[in-house]
Q: 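Structure in structure tokens, see below.
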Amino acid sequence: MLRYYITDRHSAGGVEPLLGFVERALASGVERIQIREKDLPAREMCALARRVLELPNPHGSRILVNGRADVALAAGAHGVHLPSGSIAPRCCALSCRRAS
């Protein structure tokens, strides 16, 4: 079984409380953290992803950005979660190779 934590800063009470929840999830060994803040502009999403990536990660959990390969790449995330109807994974991989 894969344990997943999907973020929602509105339910958490803001970014700072959300980071506390994510830090506890990382400490408990959740395997994936999916940053899913659909209403955030790219710059703010990238800043949030970078803050999550700076948290202690003793179990090597993977940090994914929801639906934004560009943000995942810019933030240095481990990957991207591509919902149905988004860019094809093959296209995403080609874009990432061209950007590097």
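Predicted, not measured: the structure shown is a model, and the values here were computed from it. Quick note: residue numbers are just sequence positions, from 1.
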Q: Only one of Leu53, Leu55, Ile63 forms a side-chain contact (heavy atoms from CB on, under 4.5 Å) with Ile33, so which one is it?
A: Ile63
Q: Hydrophobic cluster membership, with links at side-chain heavy-atom distances under 4.5 Å among I/L/V/M/F/W/Y: are Val15 and Val71 in one?
A: yes
Q: With distance as the sole criterion, is a donor-acceptor pair present between the side chains of Glu37 and Thr7 under 3.5 Å?
A: yes
Q: Charged N to carboxylate O below 4.0 Å: is that the case for Arg9 and Asp39?
A: yes
Q: Going from CG on Asp8 to CG on Leu18, what distance comes out if it is rounded to the nearest 0.5 angstrom?
A: 8.0 Å
Q: Kindly indicate, with the supporting measurements, whether the criterion side-chain contact (heavy atoms from CB on, under 4.5 Å) is fulfilled by Glu31 and Tyr4.
A: CA-CA 6 Å; Glu31 288 89 356; Tyr4 233 85; over 6 Å; no
Q: Which distance, rounded to the nearest 0.5 Å, do you find between the CG of Leu64 and the NE2 of His81?
A: 8.0 Å
Q: For Ala72 and Gly79, work out which heavy atoms get closest and say how close.
A: CB-O, 3.5 Å
Q: Roughly how far, to the nearest 0.5 Å, is OG of Ser28 from OH of Tyr5?
A: 10.5 Å
Q: Do the side chain of Ser61 and the main chain of Arg32 share a donor and acceptor less than 3.5 angstrom apart?
A: no
Q: Is there side-chain contact between His59 and Leu26, with at least one heavy-atom pair below 4.5 Å?
A: no
Q: Flag yes if Ile35 and Phe21 sit in one hydrophobic cluster, no otherwise; membership is Ile, Leu, Val, Met, Phe, Trp, Tyr, and two members link when side-chain heavy atoms are under 4.5 Å apart.
A: yes
Q: Tell me the closest heavy-atom pair linking Val65 and Met45, and the distance in Å.
A: CG1-CG, 4.2 Å
Q: Mind checking whether Glu23 and Pro56 have side chains closer than 4.5 Å, heavy atoms only?
A: yes
Q: What pair of heavy atoms forms the shortest contact from Val80 to Gly67, and how long is it?
A: CG2-N, 3.9 Å
Q: For the atom pair CE (Met1) and CZ (Arg3), what is the distance rounded to the nearest 0.5 Å?
A: 7.5 Å
Q: Supply the atom-to-atom distance Arg36 CZ to Arg68 CZ, rounded to the nearest 0.5 angstrom.
A: 14.5 Å
Q: In Å and rounded to the nearest 0.5 Å, what is the CZ to CG distance from Arg62 to Leu2?
A: 11.5 Å
Q: I need the minimum non-hydrogen distance between Ala12 and Pro17, along with the two atoms involved.
A: O-CB, 3.2 Å
